[in-house]
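The analysis underlying the following values was restricted to heavy atoms, covering all of them including side chains, and did not include hydrogens, waters or symmetry mates. In the text below, chain A, chain B and the rest are named by the order of the sequence lines, each starting its count at 1.
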There are 2 protein chains.
Amino acid sequence: MPTAKRQKKPHRRETIIEAASALFARNGYDGTSMRDIAAESGILAGSLYYYFASKEEMFAAVHEQAINRLCTGTIQAIKPAADPWTRLQQASEGYLTTMLSSATQSSLIITEFPLRRSGKLRAKLVTDRRRFEAIFSEIVDALPLAPDVDRSYWRLALLGMLAWTHVWYDNKGDSPNQVAQQLVDLLKERTATP
Amino acid sequence: MPTAKRQKKPHRRETIIEAASALFARNGYDGTSMRDIAAESGILAGSLYYYFASKEEMFAAVHEQAINRLCTGTIQAIKPAADPWTRLQQASEGYLTTMLSSATQSSLIITEFPLRRSGKLRAKLVTDRRRFEAIFSEIVDALPLAPDVDRSYWRLALLGMLAWTHVWYDNKGDSPNQVAQQLVDLLKERTATP
DNA sequence: TGATCTTTCAAACATTCGTAAGAATTCATG
DNA sequence: CATGAATTCTTACGAATGTTTGAAAGATCA
């Protein structure tokens, strides 16, 4: 009967999501087959459908988790700061660290745009993305910018700079934190209503 | 014998590239089948292989043309300017106009990253991209920036801001020129060695 | 016209893909 | 152990993919 369900095997579904994340991030959605994911999960392709109704639904779960990690990675980095500029700096560092550290797969939210998809999936991906961007909206709104600065453009410029790092970032160069420092500094001059 | 070859039918191959550009830009590389391209070209799938040895080689040709358009679109916009900042402003406008005007397909150089590909194709895509980025390298190098500014980061920040527009740009809002103006202005403050 | 080269077609190929259906297995619990 | 539910395997289907091949059609020019 309806007793407690989740206790012993939180394993499989998360294992699958983990494997799928890595593969989607490396090879893209179309470049990853259900058989690939199954093999990486130590399972057979058909068995995936016990946990996910379709490949799209699975990707939705993967995407949601990637966004969640990015959100928490970003938010956690802000912790003990009151100064708006410091908050921005730390958030950017958290973002880039989560995104660029090769161990993670959050980069798939950059390469797998919702743009081309359609229907319910697209709507979900857009919603996820909004949830992340809201973090930066709040931070940017709190910045003491000059009154003639358009905060929407300011935010989009920053997010663009940060997102684009995954195209050129090289592990052998500066650390994610250093990159974030450099990039934020470039926008910092247009500062407090002086 | 080896007489002049190219005179009457420069049509087909370019028609195919045009059709493929549009489809690749809209649906991505994997989302576009050779049959799709053939149908859009008014031809049968097999006939494509008279002009291109493989899908990858065809994409290479498409990518090269997209880069070429972006390059000329960017360079042409610079024409009558001597002031470095004006040059940058105009180049950015040319870039965004070429990229964002819905009639064009240059946006595929943003969505179809070389990152995931491999081998000869990847090398070619990277080379193409470098060719475009060189335009901005030159312009940025000519800017009278403060001596403590890292021009590499500055350039990458700008290119990131510009490239990212294709994620959020909406035809109903500001024009590509206005967007370029806004974005460049955000970086402009760190300006001439004062 | 006939010969030769270019271009296109028609049809198929071998794979791979997402997914379905049902049997087989594992597992917790009475 | 016996029962029923949860999980996995096996097998396969139908569709779509990139590509090949050899013949047909079109063009070019002696």
Exercise for the section: Nearest whole angstrom, please: distance from the P of C:dC17 to the CE of A:M58. Expected result: 13 Å

Handout entry: Bend angle of the helix from C:dT1-D:dA30 to C:dG30-D:dC1, end axes from five pairs each (to 10°)
Key = 0°

Practice task
To the nearest Å, give me how far apart OH (B:Y50) and P (D:dT19) are.
Solution key: 19 Å

Practice task
Mind jotting down which residue pairs meet the side chain to side chain donor-acceptor pair (under 3.5 Å) criterion with at least one end in residues 121-135 of chain A? Sequence neighbours excluded, please.
Solution key: A:H63-A:D128, A:E64-A:K124, A:N68-A:R131, A:K124-A:D128, A:D128-A:R131

Exercise for the section: Under the side chain to side chain contact (heavy atoms under 4.5 Å, CB included) rule, collect the residues that match up with B:A20, sequence neighbours excluded. Expected result: B:F24, B:I37, B:M58, B:V62

Practice task
Look at all strands and tell whether B:Y51 reaches a base, only sugar-phosphate, or nothing, counting heavy atoms closer than 4.0 Å.
Solution key: sugar-phosphate

Exercise for the section: Provide, to the nearest angstrom, the distance between the CZ atom belonging to A:R12 and the P atom belonging to D:dA6. Expected result: 17 Å

Exercise for the section: Without swapping roles, check the side chain of A:E112 against the backbone of A:Y29 for a donor-acceptor pair under 3.5 Å. Expected result: yes

Practice task
Tell me, please, which residues at least two apart from A:Y49 pass ring pair (Phe, Tyr, Trp, His ring centres under 6.0 Å).
Solution key: none

Handout entry: Selected nucleotide, minimal atom distance to B:I43 side chain, candidates D:dT8, C:dT7, C:dC9
Key = C:dC9

Check nucleotides 19-21 of chain C against the protein and report each pair of N or O atoms closer than 3.5 Å, with its distance, or say if there are none.
| from | atom 1 | to | atom 2 | distance (Å) |
| --- | --- | --- | --- | --- |
| C:dT19 | OP2 | A:Y49 | OH | 2.7 |
| C:dT19 | OP2 | A:K55 | N | 2.8 |
| C:dT19 | O5' | A:Y49 | OH | 3.2 |

Handout entry: Main-chain N/O of B:S175 paired to B:Q178 side chain as donor or acceptor, under 3.5 Å
Key = yes

Problem - Any residue meeting salt bridge (Lys or Arg N to Asp or Glu O under 4.0 Å) with A:R151, in chain and number order, not counting sequence neighbours - result: none

Handout entry: Listed partners of B:F132 passing ring pair (Phe, Tyr, Trp, His ring centres under 6.0 Å), at least two apart
Key = B:Y95, B:F136

Completion exercise
B:I37 CD1 to D:dA16 C1', in whole Å, measures 15 Å

Problem - B:L48 CG to D:dT20 C1', straight-line distance once rounded to whole Å - result: 13 Å

Practice task
Could you list the residues that satisfy salt bridge (Lys or Arg N to Asp or Glu O under 4.0 Å) with A:E40, not counting sequence neighbours?
Solution key: none

Practice task
Using ring pair (Phe, Tyr, Trp, His ring centres under 6.0 Å) as the criterion, list what pairs up with A:F113, not counting sequence neighbours.
Solution key: B:H166

Exercise for the section: For B:L44 and D:dT19, give me the distance from atom CG to atom C1', rounded to whole Å. Expected result: 14 Å

Practice task
May I ask you to say what A:T32 touches in the nucleic acid, namely base, sugar-phosphate or nothing, with a heavy-atom cut-off under 4.0 Å?
Solution key: sugar-phosphate

Problem - Under the ring pair (Phe, Tyr, Trp, His ring centres under 6.0 Å) test, residues paired with A:Y169 that sit two or more places apart - result: none

Exercise for the section: Specify the residues of residues 18-30 of chain B, ordered by number, for which at least one heavy atom lies under 4.0 angstrom from an atom of DNA chain D. Expected result: none

Practice task
Could I get the full list of salt bridge (Lys or Arg N to Asp or Glu O under 4.0 Å) partners for B:E138, not counting sequence neighbours?
Solution key: none

